[in-house]
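Below is one structure; the comments refer to it alone.
Hydrogens, waters and symmetry mates are skipped; everything else that's a heavy atom, side chains included, is used. Treat the numbers as computed from the prediction; the structure is a model and nothing was measured. Per chain, numbering begins at 1; letters A, B, ... match sequence-line order.
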Protein chains: 2
Amino acid sequence: MKDALEKIGQRYSRQREEILKLVLSTDSHPTADWIYEHAREIIPNISLGTVYRNLNLLVDERKINRLVMDDGVVRYDGNLREHHHFICTKTGKIIDIEQPLAENILEEFRKKTGLNASSYKIEFYGSSEQPTQ
Amino acid sequence: MKDALEKIGQRYSRQREEILKLVLSTDSHPTADWIYEHAREIIPNISLGTVYRNLNLLVDERKINRLVMDDGVVRYDGNLREHHHFICTKTGKIIDIEQPLAENILEEFRKKTGLNASSYKIEFYGSSEQPTQ
DNA sequence: TTAACTGCAAATCCTTTGCAAATCA
DNA sequence: TGATTTGCAAAGGATTTGCAGTTAA
């Protein structure tokens, strides 16, 4: 498994490997605290500081993404493919949307505003629950 | 001016009026601290707690909007018209974009994903500075 | 061997809260 | 007058940091 990890940081650490594995293992967009609690099941004396330091490093080296939600909660996302998010307004659940949408929006933006946007982000909100029938 | 304010909260307060005026007076998407510093120029003994309490009230009563930026900084926006944001990746400056863009994106979203989104948010990123000529 | 990394605890930053005093209605 | 709002200071929650010990290379 050490070999499957491309080089991250200056050298290998078990803590870093475990933290990355955890973020990659789920599509639940976990918080630092969730990652800490789960990492502790495998490395019981891992510290929260180490979790934060490694999450920052993994974000800096673009192995994972940091999301800041509208409620201020910070979450981490192991899905590096380009995608949008659907945020359920009832449960807070975040669903990855990998379908391409509004494909020429950057061009439309530049044309209409004259500003030079190079990237964009779209979030959708609504209820993911089916109405009772 | 007391009359120009629709009813906000249970009763009038000078602190609340000043805080709302400040947020409405600028398109700079100020932080709580900026609002505090500027409110102090008019009401020198206003407290930061009062600023936070009133900003929360104004957001709850939909007189202003709260923005949470990707760097975690919380900002306030007095522009209640529907608009997008362009965030300059060099200066951090946030520019309101009032042009309609991707107008049928919700329909496209529902059609492609089957999920029932009722709203969405788009942010654009890039440099707002002109290349030197 | 030694620089990177860790655990721990303290520090920091931003925001909220409890309380007694002030104030709007 | 009485309930809302305030100023102040303390508390809270999330994240960062300093440091001495540990570990990968």
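You won't find any donor-acceptor pair under 3.5 Å spanning the side chain of B:Arg40 and the base of D:dG7, going by distance alone. The base of C:dG7 has none of its N or O atoms less than 3.5 Å from a complementary donor or acceptor on the side chain of A:Arg14.
At least one side-chain nitrogen or oxygen of A:Arg16 sits closer than 4.0 Å to the OP1 or OP2 atom of C:dC5. Using a 4.0 Å cut-off, no side-chain N or O of A:Asn54 falls inside it from OP1 or OP2 of C:dC5. For the pair A:Gln10 and D:dA25, the criterion of a side-chain N or O lying under 4.0 Å from OP1 or OP2 is not met.
As a whole-Å value, the separation of B:Ile46 CD1 from D:dC8 P is 11 Å. Per the geometry, CD belonging to A:Gln15 stands 17 Å off P belonging to C:dA4, to the nearest Å. Nucleotide C:dC14 holds its P atom 17 Å from the CH2 atom of B:Trp34, rounded to whole Å. For the pair B:Asn56 CG and D:dT5 C1', the interatomic distance rounds to 14 Å; values are reported in whole Å. The OH-C1' distance, from B:Tyr36 to C:dC13, rounds to 15 Å in whole Å. Remark: C1' of D:dA14 and CD of A:Glu37 are 14 Å apart, rounded to the nearest angstrom.
DNA chain D lies under 4.0 Å from no heavy atom of any residue of residues 61-74 of chain B.
Between A:His83 and A:His85, the two ring planes are perpendicular [angle over 60°; tilted spans 30° to 60°].
For an aromatic pair to be called close, the ring centres must be under 6.0 Å apart, and A:Phe109 with B:Phe86 satisfies this.
Side-chain contact, A:His84 with A:Asp96: no donor N or O sits under 3.5 Å from an acceptor N or O. A donor-acceptor contact under 3.5 angstrom links the side chains of B:Glu17 and B:Tyr12, judged on distance only.
Atom NZ of B:Lys93 sits in a sparse spot, with 12 or fewer heavy atoms from other residues, nucleotides or ligands closer than 6.0 Å.
As judged by a 4.0 angstrom heavy-atom cut-off over every strand, B:Asp33 is placed among residues making no nucleic acid contact.
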Could you list the protein-to-nucleotides 20-22 of chain D atom pairs, N/O on both sides, closer than 3.5 Å?
none

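For the pair A:Leu57 and A:Gly49, both in contact range of DNA chain C, the more 5′-proximal nearest nucleotide belongs to A:Leu57.
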